[in-house]
Amino acid sequence: MDEASAPLNTCRVLTKNLVINRLHIFLNGIAILSVFYYRATTFFQTEFTPLLLLLYTFVLIAEIVLTFLWVLHQATRWRPVKRTVYTERLPEEEELPPVDVFVCTADPTKEPPLGVMNTVISALSLDYPPHKLAVYLSDDGGSHVTLHAVREAWSFAGFWVPFCRKYGLKCRCPEAYFSAKETVDDVEFGEFVAEKKIIEKKYCEFREALEKNSVNASASVSRDHSATIEVMRDGNRNSMPILVYVAREKRPTHPHHFKGGALNVLLRVSAVMSNAPYFLVLDCDMYCDDPSSARQAMCFYLDPKLSPQIGWVQFPQKFHNINKHDVYGGSLHHIWREGLGLDGLRGPTIYGCNFYMRREAIYGTQKIQKDIDLNRLRKSFGSSNEFIKSIYRNYEPQLGEDRNPSVVLQKELQLLASCGYDIGTEWGEKASFYVGYRYFTVVEDTITSLELHCSGWISVLIDPARPCFLGASPTNLSDMLVQQTRWSFGLMQIGLSCFSPLVYGPLRMSTLQSMSYAAFILDCLYTLPFYTLGLLSPICLFYNIPLYPKASEPYFIAFAYIFLSSQLKHVQEVISYGDSLTTALYELRVWMMKSGTCYIFGLIDAILDRIGLHEANFTLTNKVVDDEQARRHEMGVYDFQASTWLLTPLCSVYILNLVSIIIGGARICQQHDEFVAQLALSLFGVVVNYHLFEGMVLRKDNGRVPPFASWLAVVISTVFLCFGYLLLF
Ligand SMILES: O=c1ccn([C@@H]2O[C@H](COP(=O)(O)OP(=O)(O)O[C@H]3O[C@H](CO)[C@@H](O)[C@H](O)[C@H]3O)[C@@H](O)[C@H]2O)c(=O)[nH]1
Ligand SMILES: [Mn+2]
């Protein structure tokens with residue numbers, strides 16, 4: 001094939017996985033059907049008391065929910081694919097389209113400026129023509145500490161960016177580069193070594209300047225301030241991309257819509273400055289680890305066949321602080337594995353950051369007729385004529401060579417970043433067509449991608465061997481649970497609304513795509529079977545009530561098959577993604593811990609939110625590293641210093657199962673083989689969650705389960721057992 005016609009990207013169906021997946025769906029499906037046949041035929045058979053009937057109804061409901069979720073998840077296994085790009089086949093630099101980069105930060109105490117600036121600097125150093133690149137930092141804290149840090153970062157970048165370009169460095173995040181344990185240089189010769197030393201010294205000075213300036217950072221955060229927009233101008237501008245600091249106006253009386261609101265302001269502000277047709281979104285703790293990501297994305301956007309349909313090109317979130325233990329499942333590999341399946345349908349959802357999006361898609365302008373009148377456009381996009389003009393301006397930058405916004409432009413920028421600009425417009429709201437990030441939930445990413453997929457856009461996932469972006473994942477249980485509870489709440493807000501994918505999706509996207517969205521959004525429902533089976537099964541074992549067929553009955557095989565094949569399937573998926581057997585175990589633990597805490601709290605909050613009794617909140621994920629916690633994380637030891645209300649439910653279920661095993665074990669010895677399944681279930685839970693036992697009983701360090709939580713759990717499980725006695729006898 002000659003150069004010109006060689007494709008920029010290819011897509012390969014993962015045939016082996018596809019065959020295994022479909023075979024599993026078929027066999028497991030049969031086993032599930034036979035289980036329901038068994039339930040249907042035995043449900044009214046014996047002379048149950050009303051109470052027993054109720055008990056069996058609960059178990060049946062749990063099994064129905066499990067089956068429902070299992071079926072939904074199979075959509076993500078239907079057609080896994082993997083994409084490859086060929087950046088060397090891209091056209092000349094002059095033909096590459098401009099790209100804007102959006103970085104969001106909110107609070108310099110929880111998100112230390114050094115980390116945020118490293119992200120900004122890594123974005124400035126992307127391997128892309130500098131005059132086609134503009135980086136915008138949104139500071140939701142409106143903090144002078146952050147503004148000062150950006151100015152410092154700009155001066156340091158003036159040395160760093162040319163240095164990276166000159167020597168073609170791969171790692172362009174200065175902190176990662178200078179703290180790397182092994183040398184990561186591709187070049188090692190005299191001139192380079194000398195220059196590197198100079199830059200390293202400058203980096204140390206930069207770091208010290210930030211540290212000095214960060215004292216009292218918390219006092220600098222404000223929720224009541226006017227907009228500040230500053231374009232960095234001094235220094236050697238020609239070889240540098242544009243860097244803009246944006247703190248939108250915030251007033252206590254106006255809703256600010258969290259990250260979605262911040263991104264919409266960046267969209268508007270950038271539109272009247274650089275107005276690139278594509279933009280990359282980064283979280284403040286997610287730096288560029290491979291400078292070629294923009295070029296990789298262009299392998300799709302410059303592919304004439306695919307490009308017109310693509311709304312965004314998604315890279316997975318990878319993390320630099322994950323070790324081989326990954327006890328909190330921070331790598332999120334289960335999400336990226338399912339991503340391969342979504343990519344084979346019509347594309348992955350937006351995963352918060354690390355995606356290159358088409359401006360036209362997020363504006364919804366594909367639905368606007370050419371002759372639409374100005375008033376209609378102002379109703380959608382707000383009152384700024386400059387902004388409306390930018391939609392039709394064919395992406396010409398408005399910022400002059402000197403990077404000094406004119407007085408007129410400055411006024412316009414103030415308007416676009418004002419807190420009242422959105423009000424009465426279609427920004428973020430459900431309307432005839434959507435504009436910008438949707439405000440409806442704290443997981444702005446999922447709802448926005450659902451809407452975009454429903455309006456016909458497709459997306460692609462690219463997961464190259466060297467991760468393009470690296471972030472920090474929570475390193476203690478508390479942070480992990482807080483983060484996951486926010487996600488669960490946000491997803492369930494969608495699940496309980498008119499956007500629930502099984503209602504909203506089928507007429508707008510394919511059935512499989514609707515199912516895959518539902519699988520992701522309704523994941524919280526796992527909490528129902530978790531608690532039903534986690535509580536009822538041991539209580540019934542304790543009081544001699546069988547819930548499953550005897551081990552000698554044929555239907556026992558169906559139950560056993562479903563259980564074993566699901567576990568084995570999980571192991572197979574983990575291993576085929578390149579992870580180890582222990583990863584499978586840790587993932588299982590994390591899933592159980594989430595089912596017992598985040599999912600139930602997320603679900604309850606979402607129900608309260610639905611009836612107006614709860615106000616949505618975006619609790620930032622903590623990015624400050626505590627040394628002791630970091631050490632435990634490094635060693636793969638759980639840090640249970642989480643709040644009691646998060647831990648107690650989990651520990652109660654654990655203790656209940658532990659007690660029932662002792663009693664049930666004795667019963668099995670007396671030849672009661674109708675309890676084999678219940679015993680196995682409890683035993684499985686207790687063995688998999690051995691870390692809870694350690695945390696409650698064996699450990700004495702600060703990271704153990706707080707004794708108060710353990711004792712409370714003992715009391716609660718005893719109450720449950722007594723309550724069971726009262727009910728059952
Ligand atoms: O009012 C806010 C709240 C958050 N952020 C920024 O949003 C980003 C994500 O927040 P973080 O606390 O790191 O939350 P995570 O749970 O780690 O974020 C995940 O979940 C979010 C949705 O809840 C997605 O937007 C993120 O991309 C995804 O990484 C950060 O850069 C924040 O600075 C704002 O700009 N304004
Ligand atoms: Mn984060």
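Atom OH of Tyr577 sits in a crowded spot, with more than 12 heavy atoms from other residues, nucleotides or ligands closer than 6.0 Å. The number of heavy atoms from other shown groups lying within 6.0 Å of OH (Tyr38) is above 12.
No side-chain donor-acceptor contact under 3.5 Å links Asp579 to the backbone of Ile575. With hydrogens and angles ignored, the 3.5 Å screen pairs a side-chain donor or acceptor of Arg358 with a backbone N or O of Ile310. The backbone N or O of Leu267 sits less than 3.5 Å from a side-chain atom of Arg359, completing a donor-acceptor pair. Between the side chain of Thr448 and the backbone N or O of Arg438, at least one donor-acceptor pair lies under 3.5 Å. Side chain of Tyr531 to backbone of Gly596: a donor-acceptor contact under 3.5 angstrom is found. Panel note: side chain Asp283, backbone Asp285; no donor-acceptor pair is recorded below 3.5 Å. The closest donor-acceptor contact from the side chain of Ser488 to the backbone of Cys524 lies at 3.5 Å or more, if one exists at all. Between the side chain of Trp336 and the backbone N or O of Gln317, at least one donor-acceptor pair lies under 3.5 Å. A donor-acceptor pair is defined here as one N or O able to donate and one able to accept, closer than 3.5 Å; such a pair exists between the side chain of Thr76 and the backbone of His73. Side chain of Gln678 to main chain of Leu547: a donor-acceptor pair is present (N/O by atom type, distance under 3.5 Å, no hydrogens or angles).
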Practice item. Please step through side chain to side chain contact (heavy atoms under 4.5 Å, CB included) for the pair Gln484 and Leu481, ending with a clear verdict. Key: CA-CA 5 Å; Gln484 300 278 340; Leu481 294 180; 5.7 Å; no
**Study point:** Leu55/Cys540 under side chain to side chain contact (heavy atoms under 4.5 Å, CB included): CA gap, chis, key distance, verdict
**Key:** CA-CA 9 Å; Leu55 206 77; Cys540 291; 3.4 Å; yes
Review point. Would Val85 and Asn9 count as a side chain to side chain contact (heavy atoms under 4.5 Å, CB included) if you check the C-alpha gap in whole Å, the side-chain angles of each, and the deciding distance to 0.1 Å?
Key: CA-CA 4 Å; Val85 290; Asn9 64 76; 4.1 Å; yes
Exercise for review: In sequence, state the C-alpha distance, the side-chain angles, and the governing distance for Ile350 and Gln314, and then conclude on side chain to side chain contact (heavy atoms under 4.5 Å, CB included).
Suggested key: CA-CA 7 Å; Ile350 299 173; Gln314 179 72 59; 4.0 Å; yes
**Study point:** Test log, rule side chain to side chain donor-acceptor pair (under 3.5 Å), inputs Lys569 and Asn28
**Key:** CA-CA 10 Å; Lys569 183 73 183 68; Asn28 220 38; over 6 Å; no
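Between the side chains of Lys318 and Asn354, no donor N or O sits under 3.5 Å from an acceptor N or O. The closest side-chain donor-acceptor pair between Tyr517 and His453 falls under 3.5 angstrom. With hydrogens and angles left out, the side-chain atoms of Thr621 and Arg486 include a donor and acceptor closer than 3.5 Å. Side-chain atoms of Tyr638 and Asn476 form no donor-acceptor pair, as typed in the model, at a separation below 3.5 Å. Under 3.5 Å, the side chains of Gln483 and Tyr328 contain no donor-acceptor pair of N or O atoms. Between the side chains of Ser293 and Tyr356, at least one donor N or O lies within less than 3.5 Å of an accepting N or O.
Pairs engaging residues 583-609 under the salt bridge (charged side-chain N to carboxylate O under 4.0 Å, His left out) rule: Arg337-Glu587 [sequence neighbours left out].
Between Phe563 and Phe684, the ring centre distance stays below 6.0 Å. Taking the six-membered ring for Trp and the full ring otherwise, Phe26 and His24 have centroids separated by 6.0 Å or more. Aromatic pair Tyr278/Tyr301: ring centres closer than 6.0 Å. Tyr287 and Phe469 have their aromatic ring centers separated by at least 6.0 angstrom. Under the 6.0 Å cut-off for aromatic ring centres, His257 and Tyr437 do not qualify, their centroids lying 6.0 Å or more apart. Separation of the Trp427 and Tyr439 ring centroids does not fall under the 6.0 Å cut-off.
Under the 4.5 Å side-chain criterion, counting only non-hydrogen atoms from C-beta, Phe58 is in contact with Leu536. A 4.5 Å side-chain heavy-atom check between Leu535 and Val653 finds at least one atom pair inside the cut-off. Looking at Ser595 and Trp591, their side chains come closer than 4.5 Å, going by heavy atoms from C-beta outward. In this structure, Asp290 and Pro464 have side chains that are not in contact, with every pair of non-hydrogen atoms separated by 4.5 Å or more. Annotation: side chain of Val65 is not in contact with side chain of Tyr526 (no heavy-atom distance under 4.5 Å).
Taking the ring axis of Tyr37 as reference, the NZ or CZ atom of Arg39 does not stay both within 45° of it and closer than 6.0 Å to the ring centre.
Atoms OG and CG, on Ser478 and Leu647 in that order, are 8.5 Å from each other to the nearest 0.5 Å. Atom CG in Asp289 sits 12.0 Å away from atom CZ in Phe315 (nearest 0.5 Å).
A salt bridge is absent between Lys259 and Asp445; no separation between the charged side-chain nitrogens and carboxylate oxygens falls under 4.0 Å. The residues Glu573 and Arg77 are annotated as salt-bridged, a charged nitrogen and a carboxylate oxygen being separated by less than 4.0 angstrom. Salt bridge annotation for Arg83-Asp463: absent, with no cationic side-chain nitrogen under 4.0 angstrom from a carboxylate oxygen.
Listed by chain and residue number, nothing satisfies the side chain to side chain donor-acceptor pair (under 3.5 Å) test with Glu444 (two or more places apart in sequence, or in another chain).
The minimum heavy-atom distance linking Ser514 with Gly505 is given by the pair OG-C, 3.3 Å. Residues Leu342 and Thr349 come closest through the heavy atom pair CD1-N, 4.1 Å.
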